[in-house]
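This report concerns only the one structure given below.
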Amino acid sequence: MRGSPAKISTSMLSWQFLEAAGAGRVFAEKVSGTRPARPDRERLIDQLRPGDVVIVTKYDRLSRSLHDLLGIVARIQAAGAGFLESE
């Protein structure tokens, strides 16, 4: 399964990309990305299984800082999943 975090403000082009990339599920955050608690991102990571791929249209859709992004990618890899950024 491919899962993808998205924002409610994601453009239609981004949704089309995710669909074309085979995203089986799209996790859409409804809270500001500046808040440290991101429940849908946590739910995405918690549901990852080996072989899944997390697709992001931009790195800042997943994290606001490089330090945080590296930690999130490490968690994705620890679950046996892959990570793909589309740009």
Side-chain angles (χ1 to χ4, degrees):
M1 173 182 82
R2 289 180 174 219
S4 176
K7 297 272 191 168
I8 291 301
S9 62
T10 300
S11 71
M12 183 54 84
L13 181 61
S14 294
W15 285 103
Q16 290 168 347
F17 167 79
L18 294 172
E19 185 176 86
R25 260 180 111 176
V26 176
F27 291 80
E29 284 288 355
K30 297 169 185 75
V31 298
S32 168
T34 60
R35 294 180 183 242
R38 308 265 301 270
D40 285 317
R41 180 184 66 194
E42 292 305 311
R43 190 166 48 98
L44 165 71
I45 294 171
D46 290 344
Q47 293 181 15
L48 289 173
R49 301 291 177 258
D52 286 351
V53 177
V54 176
I55 304 167
V56 295
T57 54
K58 291 179 158 183
Y59 290 124
D60 68 357
R61 301 292 91 190
L62 190 62
S63 172
R64 292 292 182 197
S65 73
L66 178 58
H67 181 267
D68 191 34
L69 177 66
L70 293 174
I72 292 166
V73 171
R75 291 175 59 200
I76 291 169
Q77 291 174 334
F83 179 75
L84 173 67
E85 193 265 341
S86 68
E87 286 192 333

Salt-bridge test for Arg41 and Asp46: reply yes if a basic N is under 4.0 Å from a carboxylate O, no otherwise. no
Subject >> Student check: side-chain heavy atoms of Leu44 and Val54 closer than 4.5 Å >> reply: yes
OG (Ser63) and CG (Leu69) are apart, to the nearest 0.5 Å, by 5.0 Å
To the nearest 0.5 Å, atom CG of Leu48 lies from atom CZ of Arg75 at 9.0 Å
Is the backbone N or O of Arg49 less than 3.5 Å from a side-chain atom of Asp52, with the two atoms forming a donor-acceptor pair by type?
-> yes
To the nearest 0.5 Å, atom CZ of Phe83 lies from atom CG of Leu62 at 5.5 Å
All heavy atoms of Gly82 vs all of Ile76, minimum pair found to be O-CG2, 3.5 Å
Rounded to the nearest 0.5 Å, the CD1 atom of Ile45 sits from the CD1 atom of Ile72 at a distance of 5.5 Å
